[in-house]
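A quick write-up on the structure given underneath.
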Amino acid sequence: MEIKVTRTTAPLEKPLEAEKAGTLGFGNYFSDHMFLMEYDEGIGWHDARVEPYHNLSIDPAASVLHYGQEIFEGMKAYRTKEDEILFFRPLMNAARWNQSAKRMCMPTMEPEMYMEALQAVVDVDRDWTPHAYGTSLVLRPAMIALEKSLGVHPAKKYLFFIICSPSGAYYKNGMAPVSIYVEEEYIRAAAGGTGYAKCGGNYAGSMLAGEKAEEMGYDQVLWLDGVERKYIEEVGSMNMMFVIDDTIITAPLAGTILPGVTRNSILTLAADAGWKVEERKLSIDEVYQAAHEGRLNEAFGTGTAAVVSPVGKLCWRGEELVINGGKIGPKAQYLFDKLLGIQLGNSEDVYGWTKVCERKY
Ligand SMILES: *Cc1c(COP(=O)(O)O)cnc(C)c1O
């Protein structure tokens, strides 16, 4: 794939002050460049390019604005001690990208093309990857339907783009466990729906429950299955794991939850640590029952943003559970350290998960 690179003549100032002060946050700053590429029916993907970061100009009839034909990905690039930039399992994101695209009737792309696009923009903006421990360059590939038509049908024209955001460590003051509200009124996904696709609509549909949880004093929503409102699904942008006795239990990939790259990595690390791991339906009753019997030892979310996020408190039908005294448990801590170590290039990557961003552009 030929990628045309146009460098900015007016580089922005990097948020070094915010990095030093630990106030980068998530997705607040953006790098100097972006990747763009169009798709037209009958032509395929064309005009791959890296350009200065800029506004998009799209037709008000563009189908994404009316019918939400949109998908995205969430990834991070980390700076190593040797000043290399590392991607983490990018081909797994590429595979998920194509699954999301197929579900939304959008064009797929060769994983190599997805990789080359990431590689190009991150290479050009590699200096935007922050240095402080735990910080990263958050990568946001997205695709929108651009056809000028109000007809409800898959568009014939699309834009693929990638923007990069230097972001802070998720945990500024140690790993503060989050509190979670178990939602019984609203659902996120149902079998046959779009739950396994990373599409914007899934997020729009989940915000009302998020607001409700926040008003009640909780950080996040735990979704239950859409049919019986009984089985654990996942949290806003994280998969969920419970440690009952010594076993790590997480929901199976059955079409209603996002197949997390972090989920897969954590399950691998846990199994290789010799722990019992189960991917199965787990009801909220079983979680509460285990807690009452003193067998619920830990709960944590897994996702690219936080890596591992311990859950200190759960609320279901008005009953609050405090898990592991509201502190991070030993399994969550081990898995977090192990995975971040690999992502940062500090521990040996026996799985071949990381990929160095080449110096090409
Ligand atoms: C992105 C996402 C996750 C986590 O996936 P990772 O690949 O681990 O970052 C989990 N659930 C939802 C709903 C998501 O959108």
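Computed over heavy atoms, backbone and side chain alike; hydrogens, waters and symmetry mates excluded. On a predicted model such as this, the values are computed, not experimentally measured, just so you know.
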Legend entry - Distance, nearest 0.5 Å, that separates CE of Met37 from CZ of Phe161: 12.5 Å

Legend entry - Donor-acceptor under 3.5 Å (Ser165 side chain, Ser167 main chain): no

Legend entry - Flag side-chain contact, heavy atom, 4.5 Å: Arg89 against Asn264: yes

Inset, instruction - Check whether any side-chain N or O of Thr302 sits under 3.5 Å from a backbone N or O of Thr262 as a donor-acceptor pair, and report yes or no. - result: no

Legend entry - Pair Lys212 + Glu183, salt bridge at N-O below 4.0 Å: yes

Inset, instruction - Could you check if a side-chain atom of Gln343 sits within less than 4.5 angstrom of a side-chain atom of Lys76, using non-hydrogen atoms only? - result: no

Legend entry - Ile342 side chain near Tyr351 side chain, heavy-atom distance below 4.5 Å: yes

Inset, instruction - Look at the side chain of Arg103 and the backbone N and O of Gly193, then say whether any donor-acceptor pair between them is shorter than 3.5 Å. - result: yes

Inset, instruction - Provide the closest heavy-atom pair for Glu70 versus Ile144 in the form atom of the first, atom of the second, distance. - result: CG-CG2, 3.8 Å

Inset, instruction - Go through the steps for Tyr29 and Leu12 under the test side chain to side chain contact (heavy atoms under 4.5 Å, CB included), then give the verdict. - result: CA-CA 10 Å; Tyr29 299 91; Leu12 293 170; over 6 Å; no

Inset, instruction - Would you give the length of the straight line joining atom CG of Asp125 to atom SG of Cys357, rounded to the nearest 0.5 angstrom? - result: 10.5 Å

Inset, instruction - Mark yes or no for whether His33, through its side chain, and Arg7, through its backbone, hold a donor-acceptor pair below 3.5 Å. - result: no

Inset, instruction - In plain terms, say whether Lys331 and Asp246 are close enough for a salt bridge, that is, a side-chain N and a carboxylate O under 4.0 Å apart. - result: yes

Inset, instruction - Compare every heavy atom of Gly74 with every heavy atom of Thr304, then report the nearest pair and how far apart it is. - result: OG1-O, 3.7 Å

Inset, instruction - Verify, without hydrogens or angle tests, whether Glu147 (side chain) and Lys156 (backbone) share a donor-acceptor contact under 3.5 angstrom. - result: yes

Legend entry - Whether over 12 other heavy atoms sit under 6.0 Å from Glu211 CD: no

Inset, instruction - Could you go through the side chain to side chain donor-acceptor pair (under 3.5 Å) check for Asp32 and Thr8 one step at a time? - result: CA-CA 7 Å; Asp32 271 331; Thr8 180; 5.1 Å; no

Inset, instruction - Could you state whether Tyr361 and Met1 fall into the same hydrophobic cluster, counting links through intermediate Ile, Leu, Val, Met, Phe, Trp or Tyr residues with side-chain heavy atoms under 4.5 angstrom apart? - result: yes

Inset, instruction - Start with the C-alpha gap between Asn93 and Phe87, add the side-chain angles, then the distance that decides, and say whether side chain to side chain contact (heavy atoms under 4.5 Å, CB included) holds. - result: CA-CA 11 Å; Asn93 291 92; Phe87 296 110; over 6 Å; no

Legend entry - Path from Val350 to Met92 over hydrophobic side-chain contacts below 4.5 Å: yes

Legend entry - Check: Tyr67 and Val152 side chains under 4.5 Å, non-hydrogen atoms: yes

Inset, instruction - Measure the shortest side-chain to side-chain distance between Ile232 and Ile249 over non-hydrogen atoms and say whether it is less than 4.5 angstrom. - result: no

Legend entry - Joint hydrophobic cluster, Met238 plus Leu258, side-chain heavy atoms closer than 4.5 Å: no

Inset, instruction - Measure the spacing between CD of Glu279 and CG of Leu253 and express it to the nearest 0.5 Å. - result: 6.0 Å

Inset, instruction - Report the distance from atom CG of Leu86 to atom NZ of Lys355, rounding to the nearest 0.5 Å. - result: 10.5 Å

Legend entry - Donor-acceptor pair, side chain of His66 and main chain of Gly151, under 3.5 angstrom: no

Legend entry - Side-chain donor/acceptor of Glu233 to backbone N/O of Arg188, under 3.5 Å: no

Legend entry - Heavy atoms from other residues, nucleotides or ligands near CD of Glu348 exceed 12 (cutoff 6.0 Å): no

Legend entry - Near-ring test Tyr53/Trp128, centroid separation under 6.0 angstrom: no

Legend entry - Donor-acceptor contact present, side-chain Gln69 to main-chain Ala155, <3.5 Å: yes

Legend entry - Approximate separation, where rounding is to 0.5 Å, of Ile244 CD1 and Glu278 CD: 9.0 Å

Inset, instruction - Go through Leu137 and Ile85 one step at a time and tell me if the side chain to side chain contact (heavy atoms under 4.5 Å, CB included) criterion holds. - result: CA-CA 9 Å; Leu137 191 64; Ile85 309 299; 5.9 Å; no

Inset, instruction - Would you mind checking if Arg295 and Glu286 are paired as a salt bridge, meaning a charged N to carboxylate O distance below 4.0 Å? - result: no

Legend entry - Aromatic ring pairing Phe88/Trp353, orientation class (parallel under 30°, perpendicular over 60°, tilted between): perpendicular

Inset, instruction - Assess whether salt bridge (Lys or Arg N to Asp or Glu O under 4.0 Å) is satisfied between Lys360 and Glu116, documenting all intermediate values. - result: CA-CA 11 Å; Lys360 274 174 72 173; Glu116 194 54 37; 3.0 Å; yes

Inset, instruction - Would you check if the side chain of Asn202 reaches a backbone N or O of Thr194 as a donor-acceptor pair within less than 3.5 Å? - result: yes

Inset, instruction - With rounding to the nearest 0.5 Å, note down the distance linking CD1 in Ile71 to SG in Cys199. - result: 9.0 Å

Inset, instruction - With Glu84 as reference, evaluate Arg79, Glu358, Arg359 under the side chain to side chain contact (heavy atoms under 4.5 Å, CB included) test and give the passing residue. - result: Arg359

Legend entry - Within one Ile-Leu-Val-Met-Phe-Trp-Tyr cluster: Val243 and Val308, side-chain cutoff 4.5 Å: yes

Legend entry - Pairwise side-chain contact, Ser237 with Tyr203, heavy-atom cut-off 4.5 Å (strictly under): yes

Legend entry - Parallel, tilted or perpendicular: rings of Trp97 and Tyr114 (30°, 60°): tilted

Inset, instruction - Would you indicate whether Glu110, at its atom CD, is surrounded by more than 12 heavy atoms from other residues, nucleotides or ligands within a distance under 6.0 Å? - result: no

Inset, instruction - Could you give me the CA-CA distance, side-chain angles and deciding distance for Tyr186 and Val221, then say whether side chain to side chain contact (heavy atoms under 4.5 Å, CB included) is met? - result: CA-CA 10 Å; Tyr186 303 111; Val221 169; over 6 Å; no

Legend entry - Closest approach of Ile257 to Pro252 (non-hydrogen atoms, all atoms of both residues): CD1-O, 3.7 Å

Legend entry - Within-4.5 Å side-chain heavy-atom neighbours: Thr250 and Ile266: no

Inset, instruction - Scan residues 219-231 for pairs that pass side-chain hydrogen bond (donor to acceptor under 3.5 Å, both in side chains), counting only residues two or more places apart or in two chains. - result: Ser179-Asp219

Legend entry - Shortest non-hydrogen contact between Glu184 and Leu224, atoms and distance: CG-CD1, 4.1 Å

Legend entry - Taking every non-hydrogen atom, the tightest pair across Arg263 and Ala251: NH2-O, 2.8 Å

Inset, instruction - Without swapping roles, check the side chain of Tyr39 against the backbone of Met109 for a donor-acceptor pair under 3.5 Å. - result: no

Legend entry - Nearest non-hydrogen partners of Ala77 and Thr129, listed with the distance: O-CG2, 3.8 Å

Inset, instruction - Answer yes if the side chains of Glu320 and Tyr218 hold a donor-acceptor pair under 3.5 Å, and no otherwise. - result: yes

Inset, instruction - Flag the pair Leu340 / Tyr133 as yes when at least one side-chain heavy-atom distance between them is below 4.5 Å, and no otherwise. - result: yes

Inset, instruction - Answer with yes or no whether the hydrophobic clustering places Val235 together with Leu296; edges join I, L, V, M, F, W, Y residues whose side-chain heavy atoms lie under 4.5 Å apart. - result: yes

